[in-house]
Protein chains: 2
Amino acid sequence: MTTTTIPEVVVLRLPLYVRVLAALEGRGQGVVSSQELGTLLHATPAQIRKDLSYFGRFGKQGRGYQVSNLLKELRHIMGIDREWSVVLVGVGQLGSAILTYGGFAPQGFNILAAFDADPSKHGAAIGNVLVQDIAQIKSEAQRLGVHIGIVAVPVSHCQRVVDLLVDCGIRAILNYAPYQPTTPPGVWVRDIDPVVALQSMTYHLKTAEDQW
Amino acid sequence: MTTTTIPEVVVLRLPLYVRVLAALEGRGQGVVSSQELGTLLHATPAQIRKDLSYFGRFGKQGRGYQVSNLLKELRHIMGIDREWSVVLVGVGQLGSAILTYGGFAPQGFNILAAFDADPSKHGAAIGNVLVQDIAQIKSEAQRLGVHIGIVAVPVSHCQRVVDLLVDCGIRAILNYAPYQPTTPPGVWVRDIDPVVALQSMTYHLKTAEDQW
DNA sequence: AACAACGTGTGAAAGTAATCACGAGGGTCA
DNA sequence: TGACCCTCGTGATTACTTTCACACGTTGTT
């Protein structure tokens with residue numbers, strides 16, 4: 001068995017591949033070339049081919065890739081051909097919005113429970129999810145077999161909550177707090193911070209202005 | 001004048017530097033070393049020093065960096081020592097949540113107007129912002145001197161809305177739709193897609209499982 | 001059956017980014 | 001003053017990513 005470690009940049013691109021392949025399948029396209037995928041993904045055809053080659057040989061010379069087959073393969077490789085159990089911590093404005101957001105479930109990410117430290121929120125149901133006492137999280141996470149945690153708490157609580165999730169056996173965390181928590185090896189964190197995204201663009205806006 | 005082009009990866013890290021420096025200033029710390037910054041940012045001290053060296057010589061040998069000074073410098077370099085005018089397109093569930101989110105204004109990003117194609121939404125005020133007809137966007141954007149656009153529309157409308165924003169003279173776009181729009185050179189886009197973030201983690205979860 | 005057009009998979013080359021390692025300066029204290 | 005410790009800034013090195021370019025298989029055509 002030839003186990004090459006996949007570069008992380010490639011892993012980060014895989015979901016985008018799946019996204020456009022799903023769109024192509026939805027519109028009934030049967031075959032796609034690396035050239036066309038490259039256009040749709042704003043990447044070079046060579047990069048598409050090299051990325052895919054890390055996982056196998058899915059294409060056919062002279063033809064391209066069979067959309068439905070490649071999509072199936074990639075979904076399996078990424079582990080998104082199954083359901084994942086998710087818990088959310090922090091039911092403030094942001095947390096509530098996440099609970100009512102309809103984009104996770106269709107992709108197999110099921111938010112099964114929500115937790116907050118504020119007793120006044122306990123017992124409420126937001127978007128079909130019951131808000132529970134944060135003290136219950138460990139037993140609930142184990143009972144539900146949770147894989148993924150979403151953190152939507154203030155910066156001041158972020159590290160503590162992340163530690164707690166890790167203690168619950170969770171090894172993948174989607175973090176909405178504007179803070180990079182420290183985690184032990186083997187735990188994956190993705191940060192979502194729109195302000196950071198905006199700030200990295202203002203650098204370019206300013207630089208473009210200064211140009212003249 | 002020595003104008004080296006700054007690597008984009010460095011630009012993407014600058015906001016994180018500002019974030020931790022602001023935290024250090026808030027807690028009253030006067031001086032910080034690249035070593036300590038590295039710990040807080042999960043980066044090596046060498047990387048911190050090299051990144052900062054693209055913009056100038058802010059440190060003092062034997063001491064480190066003066067927190068307030070470095071913060072001031074970086075804020076200026078990134079263009080976040082001023083206010084930026086923002087418009088939002090798409091006042092659905094997500095768009096409404098963005099309008100009521102309190103995290104943008106304190107960082108100098110002021111959402112001045114919101115637009116939607118649905119007439120039933122026009123005239124509503126959400127989080128102090130008036131929802132207007134999308135047909136008004138060009139005149140309003142010019143009147144308000146808008147710099148940045150936030151896109152919170154369905155995938156099917158994303159490209160059209162982005163084209164419209166570009167036509168309004170906007171050159172920085174924060175895109176919440178799960179689709180990578182095409183833009184002319186000189187226009188900057190940052191995509192925010194929590195599902196993509198989750199999917200890149202399930203790859204690792206699955207791989208860790210398969211290990212044994 | 002031969003040929004042309006197409007497009008994959010992949011080593012090699014080129015281009016970027018991260019890290020190393022060290023000279024030089026600053027601070028502290030006896 | 002001088003010895004010692006600290007930490008920056010940076011050229012050199014190493015590691016990682018992307019792109020190039022071509023052999024080879026597939027499809028369609030005459």
Side-chain angles (χ1 to χ4, degrees), chain A residues 2-17 20-21 24 29-74 77 180 200 203-204, chain B residues 2-17 20-21 24 29-74 77 180 200 203-204:
Chain A
T2 322
T3 311
T4 324
T5 311
I6 314 295
E8 186 63 15
V9 270
V10 175
V11 174
L12 292 171
R13 279 193 291 263
L14 288 182
L16 305 178
Y17 288 23
V20 312
L21 285 167
L24 290 174
Q29 184 167 336
V31 172
V32 67
S33 67
S34 61
Q35 171 72 55
E36 186 179 1
L37 275 178
T39 304
L40 294 169
L41 288 157
H42 307 125
T44 63
Q47 180 166 79
I48 307 282
R49 294 200 302 274
K50 170 87 43 167
D51 281 0
L52 296 177
S53 77
Y54 282 107
F55 302 99
R57 304 161 61 124
F58 307 111
K60 212 175 200 177
Q61 286 151 324
R63 290 278 289 164
Y65 303 88
Q66 206 211 317
V67 173
S68 60
N69 175 253
L70 182 55
L71 183 54
K72 200 187 92 245
E73 293 277 10
L74 287 185
I77 288 163
Q180 288 182 275
S200 68
Y203 169 78
H204 294 293
Chain B
T2 324
T3 310
T4 326
T5 310
I6 314 296
E8 186 63 15
V9 268
V10 175
V11 174
L12 292 171
R13 281 193 290 264
L14 288 183
L16 305 177
Y17 288 22
V20 313
L21 285 168
L24 289 174
Q29 184 167 335
V31 172
V32 66
S33 67
S34 61
Q35 171 71 57
E36 187 179 1
L37 276 178
T39 305
L40 294 169
L41 288 157
H42 308 125
T44 63
Q47 180 165 81
I48 307 282
R49 295 201 300 276
K50 170 114 349 188
D51 281 0
L52 296 178
S53 78
Y54 282 108
F55 302 98
R57 304 160 61 121
F58 307 111
K60 214 176 200 175
Q61 286 149 325
R63 291 275 289 161
Y65 302 89
Q66 206 210 317
V67 173
S68 60
N69 176 252
L70 182 56
L71 183 54
K72 200 187 93 244
E73 293 276 11
L74 288 184
I77 289 162
Q180 289 182 276
S200 69
Y203 169 79
H204 294 293

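Note that this is a predicted model, so its numbers are computed, not measured. Order of the sequence lines sets the chain letters (A, B, ...), proteins ahead of strands, with each chain counted from 1.
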Margin query: Can you measure A:Glu73 atom CD to C:dG9 atom P for me and round it to whole angstrom units?
Written below: 12 Å
Next item on the list: Using only side-chain N and O atoms of B:Gln61, determine if any of them is under 4.0 Å from OP1 or OP2 of C:dA24.
Entry: no
Item checked: Nearest listed nucleotide, side chain of A:Pro7, among C:dG9, C:dC20, D:dT17 -> D:dT17
Note to self: Just to be sure I understand the rule, does A:Arg49 reach a base, reach only the sugar-phosphate, or reach nothing, if contact means heavy atoms closer than 4.0 Å?
What the structure shows: base
Margin query: Could you tell me how far apart A:Leu52 (CG) and C:dT10 (C1') are, to the nearest whole angstrom?
Written below: 13 Å
Item checked: Rounded interatomic separation in angstrom, taking NZ from B:Lys50 and C1' from C:dC20 -> 10 Å
Next item on the list: Please tell me if the side chains of A:Leu70 and A:Leu52 come closer than 4.5 Å, counting only heavy atoms from C-beta onward.
Entry: yes
Item checked: Short side-chain N/O contact to D:dC8 OP1/OP2 from B:Ser34, under 4.0 Å -> yes
Notebook entry, point to check: With sugar-phosphate meaning primed atoms plus P, OP1 and OP2, does B:Arg57 contact a base, only sugar-phosphate, or nothing at under 4.0 Å between heavy atoms?
Noted result: sugar-phosphate
Notebook entry, point to check: C:dT16 C1' sits how many Å from B:Asp51 CG, rounded?
Noted result: 13 Å
Next item on the list: Look at A:Tyr54 and D:dT17 and indicate whether a side-chain polar atom (N or O) is within less than 4.0 Å of OP1 or OP2.
Entry: no
Notebook entry, point to check: CG of B:Leu37 versus C1' of D:dC8: gap in Å, rounded?
Noted result: 13 Å
Margin query: Does C:dG27 have OP1 or OP2 under 4.0 Å away from a side-chain N or O of B:Lys60?
Written below: yes
Item checked: Side-chain touch A:Ile77/B:Tyr203, heavy atoms, less than 4.5 angstrom -> yes
Checklist line | Distance below 4.0 Å between B:Thr44 side-chain N/O and C:dT19 OP1 or OP2 | finding: yes
Margin query: Given D:dC8, C:dT8, C:dA17, identify the nucleotide with an atom nearest to the side chain of B:Val9.
Written below: C:dA17
Item checked: Closest listed nucleotide, where the reference is the side chain of B:Arg63 and the choices are D:dG9, C:dG27, C:dT19 -> C:dG27
Item checked: Integer-rounded Å distance: D:dT7 C1' and B:Gln66 CD -> 16 Å
Note to self: For a quick check of understanding: with a heavy-atom distance under 4.0 Å over all strands, which category does B:Pro45 fall into, base, sugar-phosphate or nothing?
What the structure shows: nothing
